[in-house]
Amino acid sequence: PIRELIDFVGQGEEPWHAINKVQFFITERHYAHDTSFTFDVAEVKLLRFKAPMIRDIEAPRYAMLPRAVLPVALTLMGTGSVKPGTHSLTATLSPLGEQPAKAGIAHSQDLAAGSTLLLDTAGLRPGAYSLKVGIQTADGTDCGSKTQTIQFLPGPLVEN
């Protein structure tokens, strides 16, 4: 029973008000072949996101230059209420240690247009870059961002 688990942990009830994940470990050797299990999960509340958010960035950690475009796919959550013009995706690709406005690439698109960004990387030089992707509302409110480092390597057609 969950009451026994709450008491065993000894933190009171407050941490148990918002559980994000539950994982069960069941050892097969303790049960006969063809044993059936039933799990009863009671009083679950499904919550709606107040704003869309980025769960993951799907971009390579290493990429070879020259290349015209770098595709960046995003795994998003909470996009059910997104309509054209309500939210935008932004991405900056900047050399590590430099401000995004000073050097690099900036890209923006309407979130309703999809969650894949195509960054123009034709003019990049080899080196380590910081990719920052974010979501903003039409009035500029930040809904969150994620950052990833990408190492661009010189390919056979890059002049030193």
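All values below come from the heavy atoms of this structure, side chains included, with hydrogens, waters and symmetry mates left out.
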For the pair [X] (side chain) and [Y] (backbone), establish whether a donor and an acceptor sit closer than 3.5 Å, ignoring hydrogens and angles.
X	Y	value
Q148	D56	no
D110	P84	no
D34	S36	no

Exercise for the section: Consider only side-chain heavy atoms of I, L, V, M, F, W and Y, link residues closer than 4.5 Å, and tell whether I26 and L5 are in one cluster. Expected result: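 Same cluster.
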Practice task
Please check if F39 and I6 belong to a single hydrophobic cluster, counting links between Ile, Leu, Val, Met, Phe, Trp and Tyr side chain heavy atoms closer than 4.5 Å.
Solution key: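 Looking at the clustering, I6 is in the same group as F39.
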Problem - Side chain proximity check, I135 to L89, heavy atoms < 4.5 angstrom - result: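 Answer yes - side chains close enough.
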Handout entry: E58 side chain reached by T75 side chain, heavy atoms, under 4.5 Å
Key =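 Yes - at least one pair of side-chain heavy atoms lies under 4.5 Å apart.
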Minimal non-hydrogen separation, [X] against [Y], with atom names:
X	Y	answer
G144	I54	O-CD1, 4.4 Å
R125	Y129	O-OH, 2.8 Å
G155	M64	CA-CG, 3.4 Å
D120	A68	OD1-O, 3.4 Å

Exercise for the section: Evaluate the criterion side-chain contact (heavy atoms from CB on, under 4.5 Å) for residue pair L70 and F152; output intermediate values, then yes/no. Expected result: CA-CA 11 Å; L70 178 72; F152 286 94; 3.9 Å; yes
Practice task
Establish, from distance only, whether the side-chain atoms of Q136 and T90 form a donor-acceptor pair under 3.5 Å.
Solution key: yes
Problem - Donor on one side chain, acceptor on other, S88 and Q109, under 3.5 Å - result: no
Handout entry: Evaluation steps, side-chain contact (heavy atoms from CB on, under 4.5 Å), between T137 and H87
Key = CA-CA 4 Å; T137 62; H87 295 81; 3.7 Å; yes
Exercise for the section: Walk me through it: do L111 and T86 pass the test side-chain contact (heavy atoms from CB on, under 4.5 Å)? Expected result: CA-CA 8 Å; L111 180 57; T86 62; over 6 Å; no
Practice task
Evaluate side-chain contact (heavy atoms from CB on, under 4.5 Å) for V72 paired with I57, printing each intermediate quantity in order.
Solution key: CA-CA 7 Å; V72 176; I57 299 174; 3.9 Å; yes
Handout entry: Output field: ring centroids F37/Y31 closer than 6.0 Å
Key = yes
Handout entry: side chain to side chain contact (heavy atoms under 4.5 Å, CB included), paired with L131, selected from T147, T149, L119
Key =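 Of the listed options, the one satisfying the test is L119.
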